Amino acid sequence: MRIFCASIATETNTFSPLRTDFSDFKESFYAPPGQHPVTPTLCSAVFTEARVRAAKEGWDLIEGTATWAEPGGLVNRETYEQLRDEVLGQLRAAMPVDAVILGLHGAMVAQGYLDCEGDLISRIRAIVGPDVIIGTSFDPHSHLTELRVSNADIIVAFKEFPHTDFVETGRAVVDLVLRTLRGEIKPIKAVFDCHMIEVLPTSREPMRSFIDRAKALEGTDGVLSVSFIHGFMAGDVPDLGAKVIVTTDNDPTKAHDIAQLLGQELFGFRGVTRPSFLTPDAALDQALASDAKPIVLTDVWDNPGGGVPGDSTILLRAAMERGLCDFAVGTIWDPMAVRICISAGEGAILPLRFGGKTGAHAGAPIDAEVRVKKIRRESWQYFGDSIVPLGDCAVIELPGGGEVILNSNRSQSFDPSLFSNMGIDPSSKKYLFIKSTNHFYDAFAKIAGEIIYVDVHGPYPSDPKTNGYRHLTRPLWPIVDDPFAAIAS
Ligand SMILES: [Zn+2]
């Protein structure tokens, strides 16, 4: 038995001022065949899980390229076609194969390609023919298109947001593909379109028990897999929005019924799943009145994980204006300022302009006399078991004593190790300012005295009603109050 696997992944914010090319993939993660590390990355757990099964069961795993770019702006056409053709060439060389297993994100948009993953999967189908099994994992912050559903046999998305279950998801894809190959199951999929776009964290109710119930369905009564696509509101594509995909063992009616039931329930959660997001002023009021320590204030929209640059200064400036001193910021993306700090050296005191450079939405740059407290080449943070590179970093100390980590590789704030790796004990600070919508939650909740979500009106297209989608043609809540009535009429 021969199985080919590959992973091309990024999440494209089509509204971002950034653009994505091959250097962004190289900077985040690029592993040519055979060079995938022992630990999985968010979208490539199918590699590590397939290795375990291949070694145990004695079949051949042919590894193609695995690559990931930090979420950003539109991918340039040459880069997408180059990566796609690289993987298709590896697949052709590996033929004949019994199955293809992919680790995809599902929200990649390139110049001329609104559905990169659909394009990739359908080209793979054209190479392998109708009988070879194709399985893929997706991130729920993706777009589920008919092209993907009709060309892949197995589709499983992470159920948790934060995505703490990316390894289990990779394992499920590999397992379902192997069981299909052995004739143990005959997967049949059904999709329900929820016609909504919402932030759906599973770390809190009502999503928590909803996901637990969905998980309990799996493996019982012929239900093979239940996945929820949350959608990604910063991607202007026709299939934007939440969908449910259910796979049963050769039971199309059951797949359809469960998808519809769960999809209608999910639609009922619209408007009630978000944590309360405070304005910067209200957030700082609450933080100043609190005895907790440390208080984690997360800038939910200036989150590089959503494809924005991550160099907003708006919240930091507000904190400085309020006179806060005992804080650390992790991080502000500013490779130019990092370069200057490295040249100045640890201990140097210099006037520095940092942050707010990528566009008007990021706020104005901050000018301050700073002390370079620490320099670290190639710093990093954990995200679960995986290592996320932050590039060359500098800690600068502001005149009031506040500390700011400047990074060169864009990344959202996943884990307190981003502070400790830069010599800052996160528990010793009264306030920690981070940039993440919800992925930070699992790791930071372990050390946080209090968590405050801050809604800074900034670079992210956070209001579907005013985002001005050009490619979206389906009725979608909250743009339309009752999308199902709109469809019926
Ligand atoms: Zn995601």
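Note that the structure is a prediction, hence the values are computed from the model and not measured. Order of appearance sets the numbers: ligands from 1, and atoms from 1 within every ligand.
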Strictly by modelled atom types, are [X] and [Y] linked by a side-chain donor-acceptor pair under 3.5 Å?
X      : Y      : answer
Ser23  : Asp21  : yes
Asp115 : His143 : no
Asn407 : Thr331 : yes

Sequence-distant partners of Asp153, side-chain contact (heavy atoms from CB on, under 4.5 Å), two or more places apart: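 Checked Asp153 against side-chain contact (heavy atoms from CB on, under 4.5 Å); matches are Arg125, Ile133, Ile134.
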Pi-cation contact, Phe267 with Arg270 (under 6.0 Å, within 45°):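 Yes, a cation-pi geometry holds between Arg270 and Phe267.
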Which pair of heavy atoms, one from Thr273 and one from Phe269, lies closest together, and at what distance?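 Closest heavy-atom pair between Thr273 and Phe269: CG2-O, 3.4 Å.
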Under 2.8 Å from the Zn ion (ligand 1), which protein atoms of type N, O or S occur, listed by chain and number?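 Only Asp139 OD1, Asp139 OD2, His141 ND1, His163 NE2 fall inside 2.8 Å of the Zn ion (ligand 1).
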